[in-house]
Structure formats: C-alpha cells, structure tokens
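From a predicted model like this one, the values you see are computed outputs, not experimental measurements.
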Amino acid sequence: MELDSLKDIWNDVGSKPVRPNNNEQITEMLNKSSQSPIAKMKRNLSWELITVILLFAPIAVFYFIAFGGKFSVIAWMYISLLIFFAAYFYYKNKLLSEMQCAACMVKSNLELQVKTLEKLVRFYLIAGTLMVPLLMMWLWLILYYRLPSLQNSFHFWPSAEVSFLKTGLVWSVILLVFSIAFYYINKWYIYKLYGRHIAKLRCILNEMEQE
C-alpha cells in the first residue's frame, strides 16, 4: 500500500540523518501518493484558467467594439474579473507547488497547507456563486439605463405604470432561485475538480495522525 510505504519513509527520515537519496525517495514516493491528487489539482487549475481567459477575453473585446464603445464599462468589468481570477489561480498554483516540495514536506507544514487550500476552495465556492447573480444584476442595470429601447423587454406587464421597484423585485426572485440552483451545481463542480483530491490528502494526514 502506498500510504504504508510513505509512512515507512517518513519514519525512516525522522530516525536517520537526511541524505540526498532520502530526499529522492521522498520525492518519488510523494509523486506516487500524496502528490498524485496535487498534480491533478494543478492540471485542473490550468484548464480553468484557460477556460476563463477564453470566456472573458472575447466578451471584453466585444463590449469595447460593439455599440460604439458605449458599454466599455462592461468590458472593464470583465477585465477586472479576469485579473481577479488570474491572481487567485496564481496564488493557488503557488500553494500547490509548495506542497510538492519534498524538502519542505513536514507533516505539520503539509497539514497547514491543506487547511489553507480548503479555505481557498471554500472562498472560490462562495465568490463564484455570488459573482453570477451580482454580475447579472449589474448588467441589467447598465442595459436598463443606457438602452431605453430595451426597457420594455424587462417588464412582465404591458403597462407603463409598472414601477422599476416591482420589476427589480421580480428579477431578484428569479436570480435568487437561480443562485440557489447554481450553488449546488458549483459545489459539485468544485468538489469534482478539487474537493475529492483534498479529501484524499486529508485522509492520508488522518491516517498518519493515528500512527
């Protein structure tokens, strides 16, 4: 079992002076066990970054060019989101790279890194869930005030007396229902990319703690 082999190496390192071949052994063993989920998370992170760039960059370019640049504020919003995601992915990738460092692989240090990773993923879940409805509300306000010709399409009743507040309330209820559904979809998605691999690392740490 890979975990048993990892424990043997860890105990051996603790009882003997660390030599270059020990570090090579640890690196090789970690690549087969605990770093396997880390490597998968790094690949998922890279694919996510590429996906975000491919989604957000064309939208930003579109709003810079379309409508005579009237909605360039929307383009800048997408650029800001792209910078935010890039910074988040960079920090997360840096943390995962540090977790692959065999020379730094002290159990207490690894446990602290796993806790930090769990916080990052939890933040990603909350921020990603809130981002969609907030972005949709913001886009709705921009379009509502800057394209008067589209205002009637936002109303649910063919009456000029329908107030902006009532219309906004209806859209808020729709967004709330959508956000709840999106939260569970996002939660499943993040677990598939990162959560299950973190759980595997946590399982290894718990088994080592029992030893």
Side-chain angles (χ1 to χ4, degrees), residues 37-64 66-67 71-96 114-147 150-157 162-203:
I38 294 174
K40 290 178 181 178
M41 284 189 283
K42 289 191 71 174
R43 286 195 297 271
N44 292 339
L45 196 64
S46 299
W47 281 113
E48 268 206 296
L49 179 58
I50 293 172
T51 302
V52 168
I53 293 174
L54 292 177
L55 286 176
F56 285 11
I59 295 175
V61 172
F62 170 79
Y63 280 109
F64 270 128
F67 308 104
F71 295 100
S72 59
V73 63
I74 297 178
W76 284 113
M77 181 63 183
Y78 276 97
I79 290 174
S80 300
L81 286 173
L82 186 57
I83 294 172
F84 167 78
F85 277 110
Y88 172 83
F89 290 152
Y90 170 79
Y91 181 76
K92 194 172 183 179
N93 184 71
K94 183 180 178 182
L95 176 63
L96 291 171
V114 171
K115 286 182 180 178
T116 303
L117 187 59
E118 288 173 334
K119 291 178 181 178
L120 278 175
V121 171
R122 189 157 51 247
F123 167 80
Y124 189 49
L125 171 62
I126 296 172
T129 302
L130 291 177
M131 180 192 70
V132 174
L134 290 177
L135 182 61
M136 290 176 67
M137 290 179 66
W138 183 76
L139 289 173
W140 175 67
L141 290 172
I142 294 294
L143 293 174
Y144 189 90
Y145 283 110
R146 296 200 178 187
L147 281 182
L150 293 180
Q151 287 186 8
N152 291 333
S153 65
F154 289 105
H155 294 304
F156 292 91
W157 304 274
V162 176
S163 68
F164 172 80
L165 182 60
K166 288 182 179 179
T167 303
L169 182 61
V170 172
W171 280 107
S172 296
V173 172
I174 294 174
L175 282 176
L176 178 62
V177 175
F178 171 80
S179 299
I180 294 174
F182 181 72
Y183 169 80
Y184 288 102
I185 295 173
N186 198 26
K187 186 176 181 180
W188 170 84
Y189 168 76
I190 291 176
Y191 177 80
K192 186 176 178 64
L193 290 185
Y194 306 107
R196 56 177 178 168
H197 302 305
I198 295 175
K200 192 177 296 183
L201 288 173
R202 177 61 65 186
C203 182

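Residues passing the side chain to side chain contact (heavy atoms under 4.5 Å, CB included) test with Ile74, sequence neighbours excluded: Tyr63, Phe71, Tyr78, Trp138, Leu139, Ile142. Residues passing the ring-ring contact (aromatic ring centres under 6.0 Å, His included) test with Trp76, sequence neighbours excluded: Phe64. Residues passing the side chain to side chain contact (heavy atoms under 4.5 Å, CB included) test with Leu130 are Ile126, Leu134, sequence neighbours excluded. Among residues two or more places apart in sequence or in another chain, the side chain to side chain contact (heavy atoms under 4.5 Å, CB included) test is passed with Trp188 by Lys192.
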Please output the side-chain donor-acceptor pairs of residues 49-58 that fall under 3.5 Å, not counting sequence neighbours, one pair per line with the distance.
from, atom 1, to, atom 2, distance (Å)
Thr51, OG1, Trp47, O, 2.8

Going by atom type alone, with no hydrogens or angles, which donor-acceptor pairs under 3.5 Å involve a side-chain atom of residues 175-187 and a protein atom two or more places apart or on another chain?
from, atom 1, to, atom 2, distance (Å)
Ser179, OG, Leu175, O, 2.7
Asn186, ND2, Leu125, O, 3.4
Asn186, ND2, Thr129, OG1, 3.3

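Each side chain to side chain donor-acceptor pair (under 3.5 Å) pair with one or both residues in residues 79-89, not counting sequence neighbours, appears once here: Tyr88-Lys92. Judged as a salt bridge (charged side-chain N to carboxylate O under 4.0 Å, His left out), the pairs with a partner in residues 114-134 (not counting sequence neighbours) are, in order, Glu118-Arg202.
The structure places CZ of Phe85 at 4.0 Å from CE of Met131, a figure rounded to the nearest 0.5 Å. Note that NZ of Lys200 and CE of Met41 are 9.5 Å apart. Values are rounded to the nearest 0.5 Å. Rounded to the nearest 0.5 angstrom, Ile190 CD1 and Glu48 CD are separated by 7.5 Å. Once rounded to the nearest 0.5 Å, the distance linking CG of Leu193 with OH of Tyr189 reads 4.5 Å.
Contact detail for Val121 and Ile198: the closest heavy-atom pair is CG2-CD1, 3.6 Å.
Between Asn93 and Lys42, the closest side-chain pair of non-hydrogen atoms falls below 4.5 Å.
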